[in-house]
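First up is the structure itself, then whatever we jot down about it.
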Amino acid sequence: MNIQIISVGKLKEKYLKQGIAEYVKRLGPYAKVEIIEVPDEKAPEQLSETEMLQVKDSEGHRILSKIGQDVHVVALAIEGKQQTSEQLAKNLDQLATYGKSNVAFVIGGSLGLSDEVLKRSNEQLSFSKMTFPHQLMRLVLVEQIYRAFKINRGEPYHK
């Protein structure tokens, strides 16, 4: 399986980079994982509704330029469907079974994802009704993908 994690913004925190690198390494036997960062749109703290849409649209175009035609897209969105780790594992397994071996998980910037990205997505996934920093979500996501592969293989998870 080929998995892309497409996210807005550059990761600066060393501890997050190290955690993500560890899980990407652990995923090596199960999947090819590619982390793609697209630049975030520079914007002032206070934005009008129109300016927010412009920022999300600019970031959205950058995200969409990284997604191929045959890719199954999972957008991380607070309004998305919440799943257990076992459900995520089952979904990934079913995608692979039915020939959808290219999967992209998309994490938006601080304002979220554009409507265009949400329309392109095949499904929307929510990790919680809470808001998380998008940088931290990369680590949480890659850990859950690793956990899903361990569940699907019936292998113990190293805690």
Side-chain angles (χ1 to χ4, degrees), residues 1-11 16-17 19-41 56-159:
M1 187 168 247
N2 297 307
I3 296 175
Q4 293 178 309
I5 297 174
I6 304 170
S7 55
V8 173
K10 192 145 187 72
L11 200 58
L16 291 175
K17 286 181 181 179
I20 291 165
E22 176 62 28
Y23 283 109
V24 168
K25 184 178 90 179
R26 290 183 187 190
L27 275 162
Y30 309 108
K32 179 179 173 262
V33 179
E34 180 183 15
I35 309 275
I36 299 170
E37 294 179 337
V38 298
D40 55 347
E41 192 68 17
K56 290 198 297 189
D57 285 345
S58 293
E59 292 172 348
H61 289 299
R62 292 181 192 131
I63 290 167
L64 292 170
S65 74
K66 303 296 181 186
I67 300 173
Q69 290 295 109
D70 66 334
V71 176
H72 182 89
V73 178
V74 181
L76 271 61
I78 207 163
E79 316 81 33
K81 183 180 175 196
Q82 292 186 20
Q83 299 178 355
T84 65
S85 296
E86 291 77 14
Q87 288 169 321
L88 177 62
K90 183 179 178 186
N91 287 350
L92 287 176
D93 193 46
Q94 286 180 334
L95 287 171
T97 300
Y98 294 106
K100 302 262 187 206
S101 60
N102 296 316
V103 179
F105 290 89
V106 179
I107 303 170
S110 57
L111 298 176
L113 292 167
S114 70
D115 288 342
E116 204 174 343
V117 171
L118 294 173
K119 283 182 192 137
R120 170 60 182 90
S121 69
N122 298 91
E123 59 184 296
Q124 295 178 27
L125 175 63
S126 173
F127 277 77
S128 171
K129 294 290 181 203
M130 290 187 238
T131 303
F132 293 101
H134 55 282
Q135 299 92 336
L136 179 60
M137 278 315 301
R138 287 191 216 181
L139 177 59
V140 174
L141 174 63
V142 77
E143 186 278 334
Q144 283 297 302
I145 294 168
Y146 172 71
R147 184 180 296 270
F149 278 100
K150 296 297 268 184
I151 290 168
N152 286 338
R153 300 291 193 294
E155 298 173 0
Y157 184 84
H158 302 290
K159 297 178 175 140

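Because the structure is a prediction, the values reported are computed rather than measured. All residue numbers refer to positions in the sequence shown, counting from 1.
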Is there side-chain contact between [X] and [Y], with at least one heavy-atom pair below 4.5 Å?
X	Y	value
Y30	N152	no
E123	K81	no
S114	E59	no
V71	R120	yes
I35	L11	no
Q83	K90	no
V140	F127	yes
F132	L76	no

State the [atom1]-[atom2] distance between [X] and [Y], to the nearest 0.5 angstrom.
X	Y	atom1	atom2	answer
S101	L92	OG	CG	12.0 Å
S58	K56	OG	NZ	12.5 Å
R147	E86	CZ	CD	8.5 Å
L88	I151	CG	CD1	8.0 Å
E34	I6	CD	CD1	8.0 Å
I63	I107	CD1	CD1	9.5 Å

Exactly one candidate in Q144, K150, E143 meets side chain to side chain donor-acceptor pair (under 3.5 Å) with S85; the answer is Q144
Here the pair of heavy atoms bringing K25 nearest to P29 is O-CD, 4.0 Å
Tightest non-hydrogen contact, residues S128 and M130, listed as OG-N, 2.9 Å
Show your reasoning for whether salt bridge (Lys or Arg N to Asp or Glu O under 4.0 Å) applies to R26 and E22.
CA-CA 6 Å; R26 290 183 187 190; E22 176 62 28; 3.0 Å; yes
For the side chain of [X] and the backbone of [Y], is there at least one donor-acceptor N/O pair under 3.5 Å apart?
X	Y	result
D40	V8	no
R62	P39	yes
Q94	N91	no

Taken in chain and number order and not counting sequence neighbours, the residues that satisfy salt bridge (charged side-chain N to carboxylate O under 4.0 Å, His left out) with E37 are K10, R138
| task | Look at the aromatic rings of Y23 and Y146 and report parallel, tilted or perpendicular, splitting at 30° and 60°. | result | tilted
